[in-house]
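Taking it in order: structure first as structure tokens, then the write-up.
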Amino acid sequence: MARASLLVAFSLLALAAGADESCSSGAEEAALLQTGNSQGRSITAHGARAGSSCYNTYTSGFCNGACSSPGPTPSPPSPGSECASPLPGKNNGGSNMGSSPGSGYGGDASSCEQLCGSTDGCQGWTFIQSTQTSTKQCWLKDANLYCPAQDNTDQYNTYTSGFCRGACR
């Protein structure tokens with residue numbers, strides 16, 4: 001990109017310097033400006049001989065992706081964005097991680113999912129809420145998930161589970 005800018009700057013400087021002067025005989029030799037690109041090819045631009053007031057017209061281009069503009073910078077993933085849609089009424093089983101909040105959890109299914117999405121090694125999560133009390137649980141899973149998740153058969157708790165980081169695709 002810097003080389004392309006140098007070439008453009010040289011061209012503009014040359015045009016500005018000779019804007020008010022007429023070109024002398026076409027027999028003058030043109031100086032050459034060469035730069036390299038990342039593919040090892042040279043880019044040649046014809047310019048003016050030192051002390052000449054005659055300037056040439058430039059036509060430039062790039063090949064094989066040289067000097068292509070970068071795409072937009074991706075935004076960082078939001079917490080839980082590495083997780084698939086929640087599965088209400090499903091239990092994905094699996095091995096509970098030691099970092100699970102477990103029983104007495106104060107959040108909801110969405111915050112349990114976000115916790116899994118922001119925890120290294122978490123492949124799935126299960127949020128459980130008692131149908132009898134206000135007890136809530138969030139279990140983060142790192143292995144042995146049921147693929148696909150199974151229907152909840154527990155009459156005393158509701159389950160919502162999910163998979164993260166491509167688990168159980």
Side-chain angles (χ1 to χ4, degrees), residues 1-14 32-45 58-169:
M1 190 70 161
R3 289 183 180 112
S5 297
L6 177 64
L7 183 58
V8 170
F10 176 74
S11 297
L12 292 174
L13 181 61
L32 295 178
L33 170 67
Q34 288 190 331
T35 59
N37 65 20
S38 62
Q39 283 78 28
R41 293 183 178 87
S42 67
I43 301 168
T44 303
Y58 291 85
T59 303
S60 300
F62 299 99
C63 298
N64 301 323
C67 294
S68 61
S69 62
T73 303
S75 58
S78 59
S81 66
E82 293 186 51
C83 301
S85 298
L87 303 169
K90 301 284 185 177
N91 181 1
N92 61 7
S95 301
N96 295 331
M97 296 177 71
S99 60
S100 293
S103 58
Y105 180 68
D108 58 9
S110 178
S111 57
C112 185
E113 173 188 5
Q114 289 177 356
L115 185 59
C116 182
S118 64
T119 301
D120 287 338
C122 186
Q123 295 182 352
W125 55 276
T126 300
F127 174 77
I128 305 169
Q129 185 168 359
S130 171
T131 58
Q132 308 290 313
T133 68
S134 60
T135 303
K136 299 176 183 179
Q137 302 175 36
C138 176
W139 298 98
L140 306 181
K141 317 297 179 99
D142 61 0
N144 304 316
L145 297 167
Y146 300 148
C147 296
Q150 299 176 347
D151 288 332
N152 174 32
T153 58
D154 183 349
Q155 66 182 14
Y156 299 106
N157 296 298
T158 61
Y159 284 71
T160 302
S161 292
F163 300 103
C164 300
R165 294 179 177 75
C168 294
R169 285 192 178 187

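Counting begins at 1 with the first residue of the sequence.
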For the pair [X] (side chain) and [Y] (backbone), establish whether a donor and an acceptor sit closer than 3.5 Å, ignoring hydrogens and angles.
X      : Y      : answer
Ser100 : Asn96  : no
Lys141 : Gly93  : yes
Asn92  : Gly162 : yes
Arg165 : Gly117 : yes

Practice prompt. With the side chain counted from C-beta on, respond yes when Lys136 and Gln129 share a heavy-atom pair under 4.5 Å apart, and no when they do not.
Written response: yes
Worksheet item: Should Ser111 and Asp108 count as side-chain neighbours, where that means a heavy-atom distance under 4.5 Å?
Response: yes
Look up atom [atom1] in [X] and atom [atom2] in [Y], then write down how far apart they are to the nearest 0.5 Å.
X      : Y      : atom1 : atom2 : result
Glu82  : Thr119 : CD    : OG1   : 10.5 Å
Gln123 : Cys168 : CD    : SG    : 8.0 Å
Asp120 : Ser99  : CG    : OG    : 9.5 Å
Trp139 : Ser95  : CH2   : OG    : 12.5 Å
Thr126 : Leu145 : OG1   : CG    : 8.0 Å

Fill in: Chi angles and distances behind the side-chain contact (heavy atoms from CB on, under 4.5 Å) call for Phe163, Trp125
CA-CA 7 Å; Phe163 300 103; Trp125 55 276; over 6 Å; no
Worksheet item: Is it true that the SG atoms of Cys164 and Cys83 are less than 2.5 Å apart?
Response: yes
Item to complete: Compute whether any side-chain donor of one residue and acceptor of the other, for Tyr146 and Ser161, lie under 3.5 angstrom apart.
Response: no
Worksheet item: Of the non-hydrogen atoms in Leu140 and Pro101, which two are nearest, and what is the gap between them?
Response: CG-CD, 4.4 Å
Worksheet entry | Minimum heavy-atom distance between Tyr156 and Gln132, given as atom pair plus value | CD2-NE2, 3.7 Å
Worksheet entry | Listed partners of Asn157 passing side chain to side chain contact (heavy atoms under 4.5 Å, CB included), at least two apart | Ile128, Ser130, Asp154, Tyr159
Worksheet item: With Asp151, which residues qualify under salt bridge (charged side-chain N to carboxylate O under 4.0 Å, His left out), at least two apart?
Response: Lys90
Practice prompt. For Thr160, check side-chain hydrogen bond (donor to acceptor under 3.5 Å, both in side chains) against everything at least two apart and list the hits.
Written response: none
